[in-house]
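Accompanying notes for the structure given below.
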Amino acid sequence: AQKVTQAQTEISVVEKEDVTLDCVYETRDTTYYLFWYKQPPSGELVFLIRRNSFDEQNEISGRYSWNFQKSTSSFNFTITASQVVDSAVYFCALSVGTSGTYKYIFGTGTRLKVLA
Amino acid sequence: SAVISQKPSRDICQRGTSLTIQCQVDSQVTMMFWYRQQPGQSLTLIATANQGSEATYESGFVIDKFPISRPNLTFSTLTVSNMSPEDSSIYLCSVDPGTSGGGAVEDTQYFGPGTRLTVL
């Protein structure tokens, strides 16, 4: 079975704190891709990052960083020095399948509230 | 990437009526997707709409309830038919512009702003 679990339903932090959003996935496919999307109150999903199953290098983009560990089937997302504008629902997604018939499987999302 | 617009952005409808949601993308794409996001929930794929072929529906979604049109490479519609309060959701379209025409498992999907539907 293919599944994405985001165990944290909601997290509240005070501005400038660091916060990590967890994502655990399940798949038997050897080739797959992982994504993070941000959904601000406006509703539109904003693409943040893509990672393939063969690349376990961590990635940093400004205040955002991602830690991919195949051994634990996790793809966690850390925001450093959080800001109020980071308040949103964050979704982790798994892409599996073959060309032409792939699909995304989304986690249930983590609502992040950053308080001023 | 791609810029996607949806119409309407929101609507309030009466039980038993139908609503057609439009999705327009600023570039030609082969693959488009329709998702449903029920209040406070995750995204669930309704169907994949490829231009030139019938839409492929996921388990639990049927064409009679959610007919989809894909007349060209930049446009698609989703109709929610015979609505009930349980259909109250955000409906999102997404596109896969891809690097080789789309459809690869590594492709990034880009999402429209969504249509917030409330059924009374």
Side-chain angles (χ1 to χ4, degrees), chain A residues 1-10 21 23-25 27-55 68 88-113, chain B residues 1-6 8-10 21 23 30-53 55-59 61 89-117:
Chain A
Q2 288 139 347
K3 186 179 178 182
V4 175
T5 301
Q6 294 180 255
Q8 305 150 308
T9 304
E10 185 170 313
L21 309 181
C23 173
V24 175
Y25 62 93
T27 181
R28 292 183 179 177
D29 289 13
T30 55
T31 300
Y32 54 88
Y33 290 77
L34 295 161
F35 300 80
W36 276 96
Y37 285 86
K38 174 183 179 179
Q39 187 177 41
S42 59
E44 182 174 354
L45 265 76
V46 178
F47 164 70
L48 296 177
I49 193 171
R50 177 185 70 183
R51 204 31 134 209
N52 74 56
S53 54
F54 301 106
D55 183 0
F68 175 36
V89 180
Y90 291 85
F91 290 97
C92 181
L94 169 68
S95 179
V96 293
T98 57
S99 292
T101 62
Y102 82 93
K103 62 188 284 185
Y104 277 20
I105 299 162
F106 282 87
T108 50
T110 297
R111 181 178 299 276
L112 174 64
K113 293 184 177 180
Chain B
S1 65
V3 178
I4 303 139
S5 60
Q6 285 186 235
S9 58
R10 61 178 65 229
I21 302 168
C23 178
T30 301
M31 295 190 77
M32 296 179 78
F33 305 83
W34 286 99
Y35 290 85
R36 181 174 74 182
Q37 185 180 19
Q38 294 180 304
Q41 303 297 314
S42 185
L43 282 78
T44 302
L45 181 64
I46 297 172
T48 302
N50 292 344
Q51 199 275 333
S53 62
T56 302
Y57 289 83
E58 296 298 304
S59 175
F61 297 96
S89 295
I90 299 173
Y91 292 85
L92 299 108
C93 71
S94 74
V95 302
D96 170 8
T99 54
S100 304
V105 66
E106 66 265 27
D107 287 348
T108 298
Q109 290 183 26
Y110 296 92
F111 287 79
T115 295
R116 294 176 185 266
L117 171 62

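To find a chain, count down the sequence lines: A is the first, B the second, and so on, and within it residues start at 1. On a predicted model such as this, the values are computed, not experimentally measured, just so you know.
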Legend entry - Candidate pair B:Phe61 and B:Thr44, rule side-chain contact (heavy atoms from CB on, under 4.5 Å), full reasoning: CA-CA 10 Å; B:Phe61 297 96; B:Thr44 302; 3.8 Å; yes
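Both the backbone and the side chain of A:Phe106 come within less than 4.5 Å of a heavy atom of chain B. Proximity to chain A (any heavy atom under 4.5 Å) is shown, for B:Gln109, by both the backbone and the side chain. The part of B:Leu45 that comes within reach of chain A is its side chain, from C-beta onward, which places non-hydrogen atoms under 4.5 angstrom from that chain. Heavy atoms of A:Ser42 lying under 4.5 Å from chain B belong exclusively to its backbone. Proximity to chain B is absent for every atom of A:Val89, based on heavy atoms less than 4.5 angstrom apart. Both the backbone and the side chain of B:Thr108 come within contact range of chain A, with heavy atoms under 4.5 Å apart. With a 4.5 angstrom heavy-atom cutoff, A:Gln39 touches chain B only via side-chain atoms.
Annotation: side chain of A:Lys103 is not in contact with side chain of B:Thr48 (no heavy-atom distance under 4.5 Å).
One side chain, A:Tyr102 or B:Asp96, offers a donor N or O that lies under 3.5 Å from an acceptor on the other. For A:Tyr25 and A:Tyr32, the side-chain atoms include at least one donor-acceptor pair closer than 3.5 Å.
Between the side chain of B:Thr115 and the main chain of B:Pro8, a donor-acceptor pair closer than 3.5 Å is present.
Remark: aromatic rings of B:Phe111 and A:Tyr37 are close, center separation under 6.0 Å.
Between chain A and the options B:Gln41, B:Gln37, B:Glu58, heavy-atom pairs under 4.5 Å are most frequent for B:Gln37.
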